[in-house]
Colleague: 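I have a structure I would like to understand better, so I am pasting it below and will then ask my questions one at a time.
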Amino acid sequence: MSDLSTPTSKEPIILDFADNRLLPALFGEHDRHLSRIEQQMGVSLTPRGNRVAVAGRPEQRDAARHVLRSLYNRLERGEPVEVGDVDGAIRLAGAPSAKGAPGGESLSDLPMVRTRKRNIAPRSATQAQYLSELQKHELVFGIGPAGTGKTYMAVAVAVAMKLSGQVDRIILSRPAVEAGERLGFLPGDMREKIDPYLRPLYDALYDMLPGEQVVKLLESGEIEVAPLAFMRGRTLSNAIVILDEAQNTSPVQMKMLLTRLGENSRMVVTGDLSQIDLPIGVPSGLRDALSILDGVEGISVVRFGDADVVRHPLVTRIVKAYGARDRDLGLDAHGGGRKR
């Protein structure tokens with residue numbers, strides 16, 4: 001791909017793409033990817049043959065060129081381009097680069113996690129930072145609102161580490177706390193009772209590994225999905241441990257889990273301090289841990305914000321609306337009110 005023109009402030013940029021076979025995937029069905037870039041970036045894109053004219057204000061035009069180049073590079077590597085990838089490229093184009101300069105990072109320059117079913121690339125600058133921290137530190141906290149990919153990216157890294165032989169086991173855990181509802185009696189054996197709480201973790205596994213392999217690894221114990229209460233008294237060695245929904249742990253539970261870390265093990269703790277479902281008066285173990293462990297060597301805390309939401313764009317607007325309401329009321333930015 002090359003830029004055929006050096007435009008003035010009002011002239012469009014003309015982008016030339018060498019491989020015509022990649023253009024249907026780049027443009028999207030009925031040019032929906034181009035339309036999405038136009039709508040979100042305030043530019044006009046005109047495809048003609050293997051060229052695209054990009055018109056708009058200079059900064060928007062340059063950012064759109066950056067997005068198209070990133071997506072085209074992804075296709076050249078044999079990776080698909082989906083709507084989420086387009087949104088991610090747009091998000092990254094508007095983010096500060098690693099050097100602090102405007103212009104953002106390219107999808108092709110960011111780390112990628114390779115699993116059996118798909119390769120997973122970060123879709124925000126914070127996700128890229130998160131992936132880097134997961135590789136470097138033995139204990140990482142991923143804190144932020146729903147839809148930012150905290151747990152999904154952590155499971156992806158865990159699967160990649162298991163496939164490469166870096167760890168022998170993956171242990172996925174959540175506290176079994178009801179989200180404001182009273183579920184009452186649940187039928188079935190222990191696994192059937194706790195599965196509803198752990199379903200998001202299963203969903204992530206099946207998105208990254210063939211179904212039969214997930215079943216085999218679960219049966220062999222190489223992947224273990226268990227409620228937090230089952231972790232007491234264990235030493236977790238040669239494993240990567242992920243605790244999801246950590247805002248719903250008590251301080252005692254959090255300390256219990258953190259002290260399970262054994263030789264050649266890593267731990268990832270994810271949570272959203274604006275969605276605490278503990279009974280009133282019970283402090284959050286996640287909030288407690290973040291305060292106590294602040295500055296401890298070997299521990300990294302990555303904080304996601306509203307701009308990092310990678311679900312449907314409406315989810316981003318919903319999260320921002322709730323955040324604005326909390327700020328107007330003077331509530332804690334991460335705790336949604338009561339400091340528990």
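Values below: every heavy atom of this structure, side chains too, minus hydrogens, waters and symmetry copies. For reference, positions follow the sequence shown, starting with 1. Predicted model, so just to flag it, every value in this text is computed and none were measured.
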Colleague: Take R174 and V225 through the test side chain to side chain contact (heavy atoms under 4.5 Å, CB included) and record every step on the way to the result.
Modeller: CA-CA 9 Å; R174 296 179 98 188; V225 185; over 6 Å; no

Colleague: Can you confirm whether R232 is buried at CZ, in the sense that more than 12 heavy atoms of other residues, nucleotides or ligands lie under 6.0 Å from that atom?
Modeller: no

Colleague: Applying the side-chain contact (heavy atoms from CB on, under 4.5 Å) test to F141, which of T270, L286, V302, L243 qualifies?
Modeller: L286

Colleague: Does the R287 side chain pair with the main chain of P283, one donor and one acceptor, at a distance under 3.5 Å?
Modeller: no

Colleague: Start with the C-alpha distance between V269 and V140, add both sets of side-chain angles, then the distance that settles side chain to side chain contact (heavy atoms under 4.5 Å, CB included), and finish with yes or no.
Modeller: CA-CA 6 Å; V269 178; V140 176; over 6 Å; no

Colleague: Consider only side-chain heavy atoms of I, L, V, M, F, W and Y, link residues closer than 4.5 Å, and tell whether L218 and V215 are in one cluster.
Modeller: yes

Colleague: Would you mind reporting whether I299 and H137 have side-chain heavy atoms less than 4.5 Å apart?
Modeller: no

Colleague: Where the side chain of H33 meets the backbone of L26, is there a donor-acceptor pair that is under 3.5 Å apart?
Modeller: yes

Colleague: Go through the steps to decide whether L15 and R51 satisfy the test side chain to side chain contact (heavy atoms under 4.5 Å, CB included), and finish with yes or no.
Modeller: CA-CA 5 Å; L15 305 180; R51 298 178 180 180; over 6 Å; no

Colleague: Are side-chain heavy atoms of R199 and D203 found at a separation under 4.5 Å?
Modeller: yes

Colleague: Is V52 close to T46 at the side-chain level, that is, under 4.5 Å between some pair of heavy atoms?
Modeller: no

Colleague: Do V252 and M231 share a hydrophobic cluster, counting only Ile, Leu, Val, Met, Phe, Trp and Tyr and linking them when any side-chain heavy atoms are less than 4.5 Å apart?
Modeller: no

Colleague: Which atom pair, heavy atoms only, marks the closest approach of L75 to A25?
Modeller: CD2-CB, 3.7 Å

Colleague: Return the OG1 to NZ distance between T115 and K117, rounded to the nearest 0.5 Å.
Modeller: 9.0 Å

Colleague: Could you give the distance from CG (L139) to CG (L134), rounded to the nearest 0.5 Å?
Modeller: 10.5 Å

Colleague: Within the structure provided, determine whether L258 and L293 are in side-chain contact (heavy-atom separation under 4.5 Å).
Modeller: yes

Colleague: Whether the side chain of Q253 engages the backbone of S250 through a donor-acceptor N/O pair (distance < 3.5 Å, no angle test) should be reported.
Modeller: yes

Colleague: Do E38 and R32 meet the salt-bridge criterion of a basic N to acidic O distance under 4.0 Å?
Modeller: no

Colleague: Look up atom CD in Q39 and atom CD1 in I90, then write down how far apart they are to the nearest 0.5 Å.
Modeller: 9.5 Å

Colleague: Quiz question: by atom type and distance under 3.5 Å, do the side chains of Q247 and E245 form a donor-acceptor pair?
Modeller: yes

Colleague: I'd like to know if D207 pairs up with R118 as an ion pair, taking the criterion as any Lys NZ or Arg NE/NH1/NH2 lying under 4.0 Å from an Asp or Glu carboxylate oxygen.
Modeller: yes

Colleague: Could you check D308 against T148 for side chain to side chain donor-acceptor pair (under 3.5 Å), going step by step and ending with a plain yes or no?
Modeller: CA-CA 5 Å; D308 298 305; T148 50; over 6 Å; no

Colleague: Do E263 and T235 have side chains that get closer than 4.5 Å, going by heavy atoms?
Modeller: no

Colleague: In a table with atom names and distances, give each donor-acceptor pair under 3.5 Å that connects a side chain of residues 165-172 to protein atoms at least two apart or in another chain.
Modeller:
{"residue": "Q166", "atom": "OE1", "partner": "S164", "partner atom": "OG", "Å": "3.0"}
{"residue": "R169", "atom": "NH2", "partner": "S237", "partner atom": "O", "Å": "3.2"}

Colleague: State the CD-CD distance between E138 and E297, to the nearest 0.5 angstrom.
Modeller: 10.0 Å

Colleague: Who pairs with Y130 by ring-ring contact (aromatic ring centres under 6.0 Å, His included), at least two apart in sequence or on another chain?
Modeller: F304

Colleague: Considering only heavy atoms from C-beta outward, does the side chain of L261 approach that of T259 to under 4.5 Å?
Modeller: no

Colleague: Please name the pair of heavy atoms, one in A64 and one in V54, separated by the smallest distance, quoted to 0.1 Å.
Modeller: CB-CG1, 3.9 Å

Colleague: With a 4.5 Å limit on heavy-atom distance, are the side chains of S300 and K136 in contact?
Modeller: no

Colleague: Treating D85 as the side-chain partner and E82 as the backbone partner, does any N or O pair qualify as donor plus acceptor under 3.5 Å?
Modeller: yes

Colleague: Give me the atom names and distance for the closest heavy-atom approach of K150 to G142.
Modeller: CD-O, 3.4 Å

Colleague: Can you check side chain to side chain contact (heavy atoms under 4.5 Å, CB included) on M161 and R266, steps first, answer last?
Modeller: CA-CA 10 Å; M161 292 181 69; R266 292 174 181 259; 3.5 Å; yes

Colleague: Please report the interatomic distance CZ(R48) to CD1(I14), rounded to the nearest 0.5 Å.
Modeller: 8.5 Å

Colleague: Please name the pair of heavy atoms, one in S173 and one in L201, separated by the smallest distance, quoted to 0.1 Å.
Modeller: N-CD1, 4.0 Å

Colleague: Give me the atom names and distance for the closest heavy-atom approach of A18 to Y72.
Modeller: N-OH, 3.4 Å

Colleague: Are Y206 and V155 connected in the hydrophobic side-chain network, where two residues link if heavy atoms are under 4.5 Å apart?
Modeller: yes

Colleague: Is K216 salt-bridged to E219, cutoff N-O under 4.0 Å?
Modeller: no

Colleague: Between N248 (side chain only) and P175 (backbone N and O only), is there a donor and an acceptor less than 3.5 Å apart?
Modeller: no

Colleague: Write down the atom of R74, the atom of N119, and the distance for their closest heavy-atom approach.
Modeller: NH2-O, 4.4 Å

Colleague: Say you draw a straight line from CE of M153 to CD1 of I242; how long is it, rounded to the nearest 0.5 Å?
Modeller: 11.5 Å

Colleague: Are the side chain of S265 and the backbone of N238 linked by a donor-acceptor contact shorter than 3.5 Å?
Modeller: yes

Colleague: So, the side chain of Q127 versus the backbone of R123: is there a donor-acceptor pair under 3.5 Å, distance only?
Modeller: yes

Colleague: Is there a path from I292 to M267 through hydrophobic residues (I, L, V, M, F, W, Y) whose side chains come within less than 4.5 Å of each other?
Modeller: yes

Colleague: Within the 4.5 Å heavy-atom criterion, are N73 and R69 side-chain neighbours or not?
Modeller: yes

Colleague: For the side chain of R61 and the backbone of E11, is there at least one donor-acceptor N/O pair under 3.5 Å apart?
Modeller: yes

Colleague: Determine, for E79 against R77, whether the closest basic-nitrogen to carboxylate-oxygen distance falls under 4.0 angstrom.
Modeller: no

